[in-house]
**Q** 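Pasting in a structure now, in structure tokens, and then I'll have a few things to ask.
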Amino acid sequence: MKIILVDDEPEILTLVRDYLSREGFNVLTAVNGNEGMELIDREKPDLVLLDWMLPGMSGLEMCKHLRETSTIPIIMLTAKSEEIDRVLGLEFGADDYIVKPFSLRELAARIKTVLRRSAGTVQETNSSILIRGELSIDSTSHKVAKRGQEIFLTPTEFNILHLLATRPGTVYSRLQLLRQAMGEEYLYYERSIDTHVSNLRKKIEDNPSEPKYVETVFGVGYRFGEGL
């Protein structure tokens, strides 16, 4: 697996690159946003690690730009630890968020978890393609299309959509969605589900404020609309 790490701290670059290399990853590095975007475009990595504050193009700007054309998994590395910062990172399309200083062992574990999600860990049905209303959801290729037009979803967004669409009308709590779509280690990010669902609605709903695919069940959680 190829990982690109973008960070302007030489010590972070060296420590993370050396540790992840020992874990079996091929790690390429860049020290600013513009260099990072060029490297990502050229190398087509399996995952990107982005520092929040970077010279030139910031990590958030990179994340937003990548999400316009790509579903590549993104993990933000940042010294910003406030909840609003975590939510902002998720709103820009990051799949995970790790606060500095961090454990290299935890970083490697989180990378492997995000890569597993991106490779496809949702439960399969008899058919690999679900047709729900104007949506087609392919669990083999991890592709979603609406009216024949492909929609780019992050791994987390895809897993949430697939889980809900597999059982229309079934209500899932936030904790259930986190556990089944992301994994046990993300249970302390309960409220982040709201951000992922909001981003998902913007991509698949005709009117995100009046969703017909991913519905809110107030006080409980979310469900996929029945009859679709």
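These numbers come from a predicted model, not from an experiment.
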**Q** Looking at every heavy atom in both L39 and A30, which two are closest together, and how far apart are they?
**A** CD2-CB, 4.3 Å
**Q** Who else is in the cluster with F152 when I, L, V, M, F, W and Y are joined by side-chain contacts under 4.5 Å?
**A**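 Joined to F152, directly or through intermediates: none.
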**Q** Ignoring hydrogens and angles, tell me if any N or O in the side chain of T216 forms a donor-acceptor pair with the backbone of F218 under 3.5 Å.
**A**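 Judged by distance alone, no pair lies under 3.5 Å.
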**Q** Side-chain donor-acceptor pair under 3.5 Å between N159 and T156, yes or no?
**A** no
**Q** Should R201 and S198 be marked as a side chain to side chain donor-acceptor pair (under 3.5 Å) after you check the CA-CA gap, both sets of side-chain angles, and the distance that decides it?
**A** CA-CA 5 Å; R201 283 172 170 165; S198 176; over 6 Å; no
**Q** More than 12 foreign heavy atoms under 6.0 Å from CD of E11: is that the case here?
**A**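 Incorrect, the count does not exceed 12.
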**Q** So for atom NZ, which belongs to K143, do other residues, nucleotides or ligands contribute more than 12 heavy atoms lying within a distance under 6.0 Å?
**A** no
**Q** May I ask you to test the L107-L49 pair for a side-chain heavy-atom distance under 4.5 Å?
**A** yes
**Q** Just so I know, are the side chains of Y222 and I193 near enough to count as touching, which here means a heavy-atom distance under 4.5 Å?
**A**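 A side-chain contact exists here, since the closest heavy-atom pair is under 4.5 Å.
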**Q** Hey, are the side chains of I98 and R110 touching, using non-hydrogen atoms and a 4.5 Å cut-off?
**A** yes
**Q** Is the number of heavy atoms from other residues, nucleotides or ligands within 6.0 Å of NZ (K64) greater than 12?
**A** no
**Q** Do Y213 side-chain atoms and E134 backbone N/O form a donor-acceptor pair below 3.5 Å?
**A** yes
**Q** Give me the atom names and distance for the closest heavy-atom approach of D8 to V31.
**A** CB-O, 3.5 Å
**Q** Step by step, work out the salt bridge (Lys or Arg N to Asp or Glu O under 4.0 Å) result for K212 and E205.
**A** CA-CA 7 Å; K212 68 176 183 178; E205 302 282 1; over 6 Å; no
**Q** Side-chain heavy atoms nearer than 4.5 Å, only ILVMFWY residues, links allowed to pass through others: does that put L104 and I75 together?
**A**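 Yes, because L104 and I75 connect within a single hydrophobic cluster, where side-chain heavy atoms sit under 4.5 Å apart.
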**Q** For the residue pair R174 and D194, what are the closest heavy atoms and their distance?
**A** NE-OD1, 2.7 Å
**Q** Any sub-3.5 Å donor-acceptor pair from E38's side-chain atoms to E35's backbone N or O?
**A**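 No, because the side chain of E38 does not come within donor-acceptor range (under 3.5 Å) of the backbone of E35.
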**Q** Is there a side-chain contact between R132 and P168 in this structure, where contact means two heavy atoms from C-beta onward sitting under 4.5 Å apart?
**A**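 A side-chain contact under 4.5 Å exists here.
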**Q** Treating Ile, Leu, Val, Met, Phe, Trp and Tyr as nodes and any side-chain heavy-atom pair under 4.5 angstrom as an edge, say whether L13 and F102 lie in one connected cluster.
**A**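 Cluster IDs for L13 and F102 match.
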**Q** Under the criterion salt bridge (Lys or Arg N to Asp or Glu O under 4.0 Å), I'd like the reasoning laid out for R147 against D206: C-alpha separation, chi angles, the key distance, then a yes or no.
**A** CA-CA 12 Å; R147 305 186 189 107; D206 290 331; 3.0 Å; yes
**Q** Do N26 and E43 come close enough that some side-chain heavy atom pair is under 4.5 Å?
**A** no
**Q** Could you pull out the closest heavy-atom pair between V171 and G221, with the gap in Å?
**A** CG1-N, 4.4 Å
**Q** Same hydrophobic cluster for L66 and M53, using side-chain heavy-atom links shorter than 4.5 Å among ILVMFWY?
**A** yes
**Q** Any sub-3.5 Å donor-acceptor pair from S58's side-chain atoms to L54's backbone N or O?
**A** no
**Q** Please say whether more than 12 non-hydrogen atoms of neighbouring residues, nucleotides or ligands are located less than 6.0 Å from CD in Q149.
**A**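 No, not enclosed.
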**Q** Taking the side chain as every heavy atom from C-beta outward, state whether D46 and L115 have any atom pair closer than 4.5 Å.
**A**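 In short, these two side chains touch, coming nearer than 4.5 Å.
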